[in-house]
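A, B, ... follow the sequence lines: proteins, then strands. Residue 1 opens every chain.
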Amino acid sequence: MKPILALLLLLQCLWLAPARADEALRLQVAEPYLDLRTGPGAHFPVTQVVERGEWITVEGERGGWIRVTAPGGLRGWVSRADLERTLAEGGAAVELARVTGEDYARRRWELGFLAGAFEGADLYSLSLAFAFQRNLSLEVGVGQALGRYSDSALATVALISQPFPRWRLSPYFVIGGGTVRSEPRTVLIRAEKQDFNAAHAGIGVRAHLTRRFMVRLEYKSHVLFVSDENNEEMTEWKAGFAVFF
Amino acid sequence: MESRLRRLLLMLALGFPALATAASGSGYGEPVVEPSVERREVAVAAIDDENFELGLSAGLMNVEDFGTNSVRGARLAYHVADWAFVEALYGETTVGLTSNERYGGVAPLLEPEQRRTTYLYVTLGWNLLPGEVFVAGRTFTGALYLSAGAGSVEFAGDRLSALVYGFGYRLLPTDWLALHLDARVHSFDSDIQGEMRTMTNLETALGLTFFF
């Protein structure tokens, strides 16, 4: 089923591709010439130039490089900085929409993938957070810890407080709860899944890398309510990346 | 002494009004030199980005002791910059019989449905050698990349934590279509054969992806 879904998505992409060409952006070269590279990257050679006054058509962007076509069948890739030295229709200066520090400070949604350890077992987790205030966000997360003797599945809801959302390296505090499903791995003991309610508290730090990307590092201490008289403490640390939008 | 004092007073008496008139004369409203820069409008351009890459792959995968079998996969990549990408990889294969099962006359280790092996990873990739290749008189862009990541493998009815690393070549026949040739190593610990040990498994695959 999954491959069929993927194929359908691919076909959709194929079908959508030509539709984009209609709303093309046209820009006029204002510097003496504009370098066209053969690929999207500074490593690729400049084999063609477009002269001042010529009009180029913007086709798309990939990894910070912009694909353009120019009169005479010229095609190539232009850096963002070079493109911002061209002029739009009517002689207006061009500024490319970019993710700014302000966008980072005002981020609303955040999707993260982090990997690390949960009480010695390898942990993979996926999380989605919504910032309902500049300093507070609500995060839901799922995790899978794969250990030598047992596996655990985690589902958590947490409140995240970030006192300095504007800082490029921004610390945060987490408090929350959820469930931990534990499943022994060994074949000798009859494997029984057990669900526990749990609470956790932790600290972490976000670092804004580039555009919409952040790196996250987090430490959490979980308390599992095993029985009425007995609690079990478990530690979790993880690192990974997140995107905001 | 007196003359110096008088000079100071004179300077104060004459100098201040002179400074004051100079300041009012040049005025902040009317610059002496007219700047030749025209005040222009700024057009903010939002360009449609094509940083996502989605596609399918097929190849061969060897699972230690379980032989080499065909593998089918899917990939979704996001190109963070011209030199880096993040990728989710999925694949599935069906492992064969071990030598013991085949020749040793022992009972099958796994049920038929346990032979279905799948993997799911998140990897980081680095476009180590971007460049151009020349095929049949035409020029294409491409890149040799390294990638490494972690995820889980479902093997022998068990879900295992696994590491993956490898390299690949991406060739772009057009701006939105890419051909991939990948070689990667899947590494995980399993006790399926008795004692716990690290299994190292090789995969080579050909893929086709689209940028969108």
Write down the atom of B:E50, the atom of A:E59, and the distance for their closest heavy-atom approach. OE2-O, 4.0 Å
With a 4.5 angstrom heavy-atom cut-off, is it the side chain or the backbone of B:L177 that approaches chain A, or both, or neither? neither
Using non-hydrogen atoms and a 4.5 Å limit, figure out which bit of B:L124 sits close to chain A: side chain, backbone, both or neither. side chain
In terms of heavy-atom pairs under 4.5 Å with chain B, which of A:Q144, A:E84, A:E89 leads? A:Q144
Do other residues, nucleotides or ligands put more than 12 heavy atoms under 6.0 Å from B:F167 CZ? no
Mark yes when over 12 heavy atoms from residues, nucleotides or ligands other than B:Y103 sit less than 6.0 Å from its OH; otherwise mark no. no
Checking heavy atoms, do the side chain of A:L123, its backbone, both or neither come under 4.5 Å from chain B? neither
Proximal component of B:D175, with respect to chain A [non-hydrogen, under 4.5 Å]: both
A:R75 versus chain B, heavy atoms under 4.5 Å apart: side chain, backbone, both or neither? side chain
Interface check, chain A: of B:A84, B:P130, B:G151, most non-hydrogen pairs under 4.5 Å belong to B:G151
Please round to the nearest 0.5 Å and tell me the distance separating atom CG of B:D48 and atom CZ of A:R62. 11.0 Å
Residue from B:V86, B:N51, B:T141 scoring the most non-hydrogen pairs under 4.5 Å with chain A is B:N51
From B:I47 CD1 over to A:L25 CG, what is the distance, rounded to the nearest 0.5 angstrom? 6.0 Å
To the closest 0.5 Å, what do you measure between CG (B:D82) and NE2 (A:H43)? 6.0 Å
Please state whether the side chain, the backbone, both or neither of A:A115 comes within less than 4.5 Å of a heavy atom of chain B. neither
Can you establish whether the number of heavy atoms outside B:E195 located under 6.0 Å from its atom CD is more than 12? no
Atom group of B:A162 that falls short of 4.5 Å from chain A, counting heavy atoms: backbone
If you tally heavy-atom pairs under 4.5 Å between each of A:G39, A:A88, A:G60 and chain B, the highest tally belongs to A:G60
Portion of A:V58 that has a non-hydrogen atom of chain B nearer than 4.5 angstrom: side chain
Count the heavy-atom pairs under 4.5 Å between each of A:F213, A:F44, A:Y124 and chain B, then report the option with the highest count. A:Y124
Nearest heavy-atom contact between A:R148 and B:D189 is NH2-OD2, 3.5 Å
Say you draw a straight line from CG of A:D122 to CG of B:L163; how long is it, rounded to the nearest 0.5 Å? 7.5 Å
So which of B:L76, B:N127, B:T139, B:L160 has the biggest tally of heavy-atom pairs under 4.5 Å with chain A? B:L160
Tell me the closest heavy-atom pair linking B:E132 and A:P45, and the distance in Å. OE1-CG, 3.4 Å
Are any of the side-chain heavy atoms of A:F241 and B:V80 separated by less than 4.5 Å? no
Please flag which part of B:Y78 lies under 4.5 Å from any non-hydrogen atom of chain A: side chain, backbone, both or neither. side chain
Segment of A:L83 engaging chain B (4.5 angstrom heavy-atom cut-off): side chain
Heavy-atom count check: over 12 atoms from other residues, nucleotides or ligands less than 6.0 Å from B:W126 CH2? no
